[in-house]
2 protein chains.
Amino acid sequence: MIKLNRTTEYGLVAMKHMAKKPGGSATSAREVSDQFGFPFEITAKTLQRLKDTGLIQSLQGARGGYVLARSLDEITLGEFVEKMEGPVAVVNCASGKTESPGCEYSGRCEMTSVMTDLNRRVIQFLSGIRLSELANSEIPVALTRFEDFLGNQPESMKENEKAHLS
Amino acid sequence: MIKLNRTTEYGLVAMKHMAKKPGGSATSAREVSDQFGFPFEITAKTLQRLKDTGLIQSLQGARGGYVLARSLDEITLGEFVEKMEGPVAVVNCASGKTESPGCEYSGRCEMTSVMTDLNRRVIQFLSGIRLSELANSEIPVALTRFEDFLGNQPESMKENEKAHLS
DNA sequence: TTATATACGATAATAGATGTCGTACTTGAA
DNA sequence: TTCAAGTACGACATCTATTATCGTATATAA
């Protein structure tokens, strides 16, 4: 299944929460976990990961917590997913980064290069979406691009795929 | 992790194999499993699923096997993934189809509509890729669109994301 | 009638995601 | 100087989905 991790969701919600927060006050793991009902321990781990990857900064001690290190406008979903879940790899033999662990069938299935390309396209797709787009509005900007996206498809597919979305 | 099922891979390889096969001869599960080294039982199940969803046709009995029911040119990756893995849902609360099983946080995280939109975009993305593109060449057409894709990104992101891909 | 196929359900094994626990360290404020 | 509220971090338990295996029934060409 093509699915995001739950921690990625938690992280996204936390980032949005921090971005909307007035003033420069820090946000604690407890605050996020209480507000959204996420398990505290996991929320804490998620925020630590966000901090380890440089997306937020931590302030230790009482009155401590986390603050955004970068604007949501500067972070793409591609970077975010990669920092939360590791390199994007739609199949094992196609890792966007570093050495791929490979696959016992590589060399026989003859699809490695194709999969690697597909993987790259997925990364590109995710990298075209800024977190600010996902956070700024309930009716996101992306929705208005829907028809544009359809416009990029093969002509013969349009009706077919519109039906799929219903 | 954003990842395809292994059965989806097996199915894709099998479809490509059938498409390349000369004449109208049927392809057995054994043939696919032998040729690519996939586990026989799973290969058989995968082909049955392809048949159940109407992507291929079966011929029972000795000398039986499977043949493509539709041209790879008429099938998009979106449809294929959906038929192999079920409705695309990047998060639980956002299913592209049918009733979503929901999420215990919905109503609190305030991101359902955003996630639903993201999900729709992923579906649209996958629906823009035809299986024939993935099967016809070792250096697929998609690769030549790479720069086009970059062109659709926010200007400020380009250098950033190019670095990501390295 | 036999060998080669598909058809299909039940179930086992594995891996990955998710959640829990325990403990140590840091710091502001009473 | 002590306490409460935080982060930091590793080990481990659990749950779930994927992946694989097994057994059996049915169809059909030779």
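Order of the sequence lines fixes the chain letters, A, B, ..., with proteins taken first and strands second; residue numbering starts at 1 for each chain. Only heavy atoms go into these numbers, but all of them, side chains included; no hydrogens, no water, no symmetry mates.
The backbone N or O of B:V32 lies less than 3.5 Å from no partner atom in the side chain of B:Q35, so there is not a single donor-acceptor pair.
If you take CZ of B:R6 and C1' of D:dT18, they are 11 Å apart, rounded to a whole angstrom. Atom CZ in B:R49 sits roughly 15 Å away from atom C1' in C:dG9 (whole-Å rounding). The nearest whole Å value for the distance from the CD1 atom in B:I2 to the P atom in D:dT18 is 15 Å. One atom, OH of A:Y66, and another, P of C:dT26, lie 15 Å apart when rounded to the nearest Å.
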Next item on the list: For the pair A:E41 and A:K45, evaluate salt bridge (charged side-chain N to carboxylate O under 4.0 Å, His left out) and give the outcome as yes or no after the intermediate values.
Entry: CA-CA 6 Å; A:E41 298 289 351; A:K45 286 227 160 114; over 6 Å; no

Next item on the list: Carefully, step by step, assess B:K21 and B:E31 under the rule salt bridge (charged side-chain N to carboxylate O under 4.0 Å, His left out).
Entry: CA-CA 12 Å; B:K21 198 160 187 174; B:E31 178 182 333; 2.7 Å; yes

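Regarding contacts with the backbone of D:dA17, every side-chain N or O of B:N5 stays at 4.0 angstrom or more from both OP1 and OP2. Phosphate proximity of C:dA17 to A:Y10: absent, as no side-chain N or O sits under 4.0 Å from OP1 or OP2.
For DNA chain D, the neighbouring residues in residues 33-45 of chain A, judged by any heavy atom under 4.0 Å, are A:K45. Remark: nothing in residues 50-59 of chain B comes within less than 4.0 Å of DNA chain D through any heavy atom.
Judged as a ring-ring contact (aromatic ring centres under 6.0 Å, His included), not a single pair has a partner in residues 39-58 of chain B (not counting sequence neighbours).
In summary, A:E85 and A:R6 do not engage in a salt bridge, as defined by a charged side-chain N under 4.0 Å from a carboxylate O.
Scanning both residues, A:T76 and A:S127, for their nearest heavy atoms gives CG2-O, 3.3 Å.
Residue B:N92 holds its CG atom at 7.0 Å from CD of A:E9, rounded to the nearest 0.5 Å.
Taking A:K51 as the reference, nothing meets the salt bridge (Lys or Arg N to Asp or Glu O under 4.0 Å) condition, with sequence neighbours excluded. A search for ring-ring contact (aromatic ring centres under 6.0 Å, His included) contacts involving A:Y66 returns nothing, not counting sequence neighbours.
For the pair B:T46 and B:M84, the minimum side-chain heavy-atom distance is below 4.5 Å.
Among the candidates A:F36, A:F38, A:Y10, the single residue satisfying the ring-ring contact (aromatic ring centres under 6.0 Å, His included) test with A:H17 is A:F36.
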Sub-3.5 Å pairs of nitrogen or oxygen atoms, protein against nucleotides 27-30 of chain C:
unit_1	atom_1	unit_2	atom_2	d
C:dT27	O2	A:A62	N	3.2

